[in-house]
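Read the structure below first, then the notes.
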Amino acid sequence: MSKELYKAFIDGLVEWRDSMTARWMRGDGFPQTDDNKAKNVFLAALTPEQREVLAALLQDEHIAGIHD
């Protein structure tokens, strides 16, 4: 596979592949399990604006991980 084709393939994945964690941050939090209880308590303490900033950071890292 050529370098250009590989780059196009990876860029295509990034376009449609959202971070599940970022989605949970923007939505109702993590699934309601004992393992996620502390995460959801933390999220509940954040303002909607803070949750969005954290979700954006996580999404950026997800995309960077795919590129690396």
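- Both L43 and M20 are assigned to one and the same hydrophobic cluster, defined by single-linkage of ILVMFWY side chains at heavy-atom distances under 4.5 Å.
- Counting all heavy atoms, side chain and backbone alike, G27 lies closest to R51 at O-NH2, 2.9 Å.
- One finds the CG atom of N36 at 4.5 Å from the NZ atom of K39 (value rounded to the nearest 0.5 Å).
- Judged by distance alone, with hydrogens and angles left aside, the side-chain atoms of Q59 form a donor-acceptor pair with the main-chain N or O of S19 at under 3.5 Å.
- For R26, the side chain to side chain donor-acceptor pair (under 3.5 Å) partners at least two apart in sequence or on another chain are E52.
- Of all the heavy atoms in A55 and M25, the pair that sits closest is CB-CB, 3.7 Å.
- We find the CG-OG1 distance between L57 and T21 to be 13.0 Å, quoted to the nearest 0.5 Å.
- L58 and V53 fall into different hydrophobic clusters, where Ile, Leu, Val, Met, Phe, Trp and Tyr residues are linked whenever their side-chain heavy atoms come under 4.5 Å apart, directly or through other members.
- Every pair passing ring-ring contact (aromatic ring centres under 6.0 Å, His included) that includes a residue from residues 30-50 is listed here, sequence neighbours excluded: W24-F30.
- Of the possible donor and acceptor atoms, none in the side chain of R23 sits under 3.5 Å from a partner among the backbone N and O of G29.
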